[in-house]
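For reference, the structure is listed below as structure tokens.
When reading the values below, keep in mind they use all heavy atoms of this one structure, side chains included, and skip hydrogens, waters and symmetry mates. Every value quoted in this text rests on a predicted model; they were computed, and no experiment measured them.
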Amino acid sequence: MSPPPAVGAVFFDLFGTLLSLAPLDRVCDRIAPGRGGEIAERWRARQLEASWLRTSMERWADFDVVTRDAFVVALEELGIEPPPDIDAVAGAFLDLPLADGAADAVRRLREAGAEIGILTNASGRALEHVAARLDLRIDHLLSVDAAQRFKPHPGVYQLAVDATHLETGRIGFVTANGWDAAGAASFGFRVGWLRADPSARLPAVGVEGPMVVTWADLGHRFG
């Protein structure tokens with residue numbers, strides 16, 4: 001059996017992958033002390049749920065709108081009064097820090113000759129803001145705005161093919177989200193799943209499991 005073709009580009013998911021979501025707990029705790037983790041978890045769940053529904057219903061709004069609306073809904077469900085600076089709090093996603101190990105992994109992949117990209121649900125405005133403060137060399141900044149669909153719609157992953165002119169089997173994709181790993185694998189990418197919880201499993205959608213990776217071994221796994 002011949003080895004798989006060399007990866008020419010590696011794309012990263014942004015929120016929860018390149019950027020750590022952990023600080024959201026602290027941001028939300030300022031709204032309702034002791035309930036930060038609960039709020040952040042509900043917020044993220046409603047954010048993703050709305051993105052999938054908007055794609056299925058063909059009711060596009062960019063991720064900034066989705067994120068703010070999801071925050072309002074999460075607070076309403078939990079019976080918590082929205083803060084007066086709700087837009088500033090909702091914008092906390094823009095200031096999340098790099099995940100531990102991410103910068104070194106990106107550097108190693110670049111040194112191995114791979115193009116580096118971000119493929120994210122974030123709006124183009126948010127992506128530019130985040131990229132400007134990250135000390136990373138990125139070749140491709142791809143927002144779902146161009147597809148007006150959210151991941152895991154195949155049209156989003158197609159953006160990476162169009163940007164690199166590579167076959168799907170020569171594109172690596174790294175995400176910490178199981179649903180995103182399933183979507184990218186279904187599209188044909190070489191997927192590395194940063195599975196934080198060893199008990200986590202992919203959604204039951206008939207997709208062959210991707211590689212389970214760590215930040216430390218990404219260079220080897222995509223080499």
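- Within a 6.0 Å sphere centred on CD of Glu49, other residues, nucleotides and ligands contribute more than 12 heavy atoms.
- Minimum heavy-atom separation, Arg110 to Asp139: NH2-OD2, 2.9 Å.
- To the nearest 0.5 Å, atoms OG (Ser186) and CG (Leu202) are separated by 11.0 Å.
- Annotation: the span from Thr17 atom OG1 to Phe15 atom CZ amounts to 10.5 Å, rounded to 0.5 Å.
- Each of Leu48 and Val207 belongs to its own hydrophobic cluster when Ile, Leu, Val, Met, Phe, Trp and Tyr are linked at side-chain heavy-atom distances under 4.5 angstrom.
- The environment of Asp197 atom CG is dense: over 12 non-hydrogen atoms of other residues, nucleotides or ligands sit within 6.0 angstrom.
- Looking only at side-chain heavy atoms (C-beta outward), Ile118 and Leu142 stay at 4.5 Å or farther from each other.
- The minimum heavy-atom distance linking Ala122 with Ser143 is given by the pair O-OG, 2.6 Å.
- For Leu218 against Ala105, the heavy-atom pair with the smallest separation is CD1-CB, 4.0 Å.
- Within the 3.5 Å criterion, the main-chain N or O of Asp217 finds no donor-acceptor partner in the side chain of Arg108.
- Although no hydrogens or angles enter the test, the distance criterion places a donor-acceptor pair under 3.5 Å between the side chain of Thr164 and the main chain of Ala160.
- Taking every heavy atom of both residues into account, Trp215 and Ala99 meet most closely at NE1-CB, 4.1 Å.
- Residues Arg42 and Glu38 are not paired through a salt bridge, judged by the lack of any N-O separation under 4.0 Å between the basic side chain and the carboxylate.
- With Leu19 as the partner, the side chain to side chain contact (heavy atoms under 4.5 Å, CB included) test is satisfied by one option alone out of Leu14, Leu94, Asp95, Asp13: Leu14.
- Shortest non-hydrogen contact noted between Ala32 and Ile39 is CB-CD1, 3.9 Å.
- A side-chain donor-acceptor contact under 3.5 Å links Lys151 to the backbone of Leu119.
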*Can you check side chain to side chain contact (heavy atoms under 4.5 Å, CB included) on Val7 and Ile171, steps first, answer last?*
CA-CA 6 Å; Val7 167; Ile171 296 177; over 6 Å; no

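- With hydrogens and angles disregarded, a donor-acceptor distance shorter than 3.5 Å links the side chain of Asp145 to the backbone of Gly124.
- With salt bridges taken as basic N to acidic carboxylate O contacts below 4.0 Å, one links Asp62 and Arg125.
- Looking only at side-chain heavy atoms (C-beta outward), Pro23 and Pro97 come within less than 4.5 Å of each other.
- Between Leu136 atom CG and Leu18 atom CG the span is 7.0 Å, to the nearest 0.5 Å.
- Residues Pro152 and Trp52 have side chains in contact (heavy-atom distance under 4.5 Å, counting atoms from C-beta outward).
- From Arg149, atom CZ reaches atom OG of Ser51 across 13.0 Å, with rounding to the nearest 0.5 Å.
- Side-chain contact between Ile31 and Ile80 is present, with at least one heavy-atom pair separated by less than 4.5 Å.
- Between Arg190 and Phe222, some side-chain heavy-atom pair lies under the 4.5 Å cut-off.
- Enclosure of atom CD in Glu208 is not indicated, since only 12 or fewer non-hydrogen atoms of other residues, nucleotides or ligands lie within 6.0 angstrom.
- Arg59 places no side-chain N or O within donor-acceptor distance of the main-chain N or O of Ser56, the cut-off being under 3.5 Å.
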*Begin with the C-alpha distance, continue with both residues' side-chain angles, and end with the deciding distance and a verdict on side chain to side chain contact (heavy atoms under 4.5 Å, CB included) for Ile86 and Arg68.*
CA-CA 8 Å; Ile86 189 167; Arg68 186 189 188 283; 3.3 Å; yes

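- How far CZ of Arg54 is from CH2 of Trp60: 9.5 Å, rounded to the nearest 0.5 Å.
- Salt-bridge annotation for Asp29 and Arg26: absent, with no side-chain N of the basic residue lying under 4.0 Å from a carboxylate O of the acidic one.
- Between Arg46 and Glu77 a salt bridge is recorded (basic side-chain N to carboxylate O distance below 4.0 Å).
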*Gln47 and Phe71: side chain to side chain contact (heavy atoms under 4.5 Å, CB included), yes or no, with the steps?*
CA-CA 8 Å; Gln47 179 195 52; Phe71 185 48; over 6 Å; no

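- Under the 4.5 Å side-chain criterion, counting only non-hydrogen atoms from C-beta, Val174 is not in contact with Phe11.
- Contact check for Leu141 versus Ile138: side-chain heavy atoms found under the 4.5 Å cut-off.
- Within the 4.5 Å cutoff, side-chain heavy atoms of Phe12 are placed close to those of Ile116.
- Placement of Trp179 and Val156 in two distinct hydrophobic clusters is found when ILVMFWY residues are connected by side-chain heavy-atom separations under 4.5 Å, directly or transitively.
- Between Thr175 and Asp180, the side chains place a donor N or O and an acceptor N or O closer than 3.5 Å (distance only, hydrogens not considered).
- Grouping the Ile, Leu, Val, Met, Phe, Trp and Tyr side chains by contacts below 4.5 angstrom, directly or via other members, places Val73 apart from Val27.
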*Kindly indicate, with the supporting measurements, whether the criterion side chain to side chain contact (heavy atoms under 4.5 Å, CB included) is fulfilled by Leu53 and Phe150.*
CA-CA 9 Å; Leu53 286 170; Phe150 292 106; over 6 Å; no

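- Between the side chains of Ser123 and Asp64, at least one donor N or O lies within less than 3.5 Å of an accepting N or O.
- Taken from CG in Asp135 to CG in Leu98, the straight-line distance is 8.5 Å, to the nearest 0.5 Å.
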*Start with the C-alpha gap between Phe93 and Trp43, add the side-chain angles, then the distance that decides, and say whether ring pair (Phe, Tyr, Trp, His ring centres under 6.0 Å) holds.*
CA-CA 11 Å; Phe93 272 82; Trp43 182 9; 5.1 Å; yes

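- Closest approach of Ala147 to Gly155, counting heavy atoms only: CB-O, 3.9 Å.
- Taking the six-membered ring where the residue is Trp, Tyr157 and Phe189 present perpendicular rings, their angle passing 60° and hence far from 30°.
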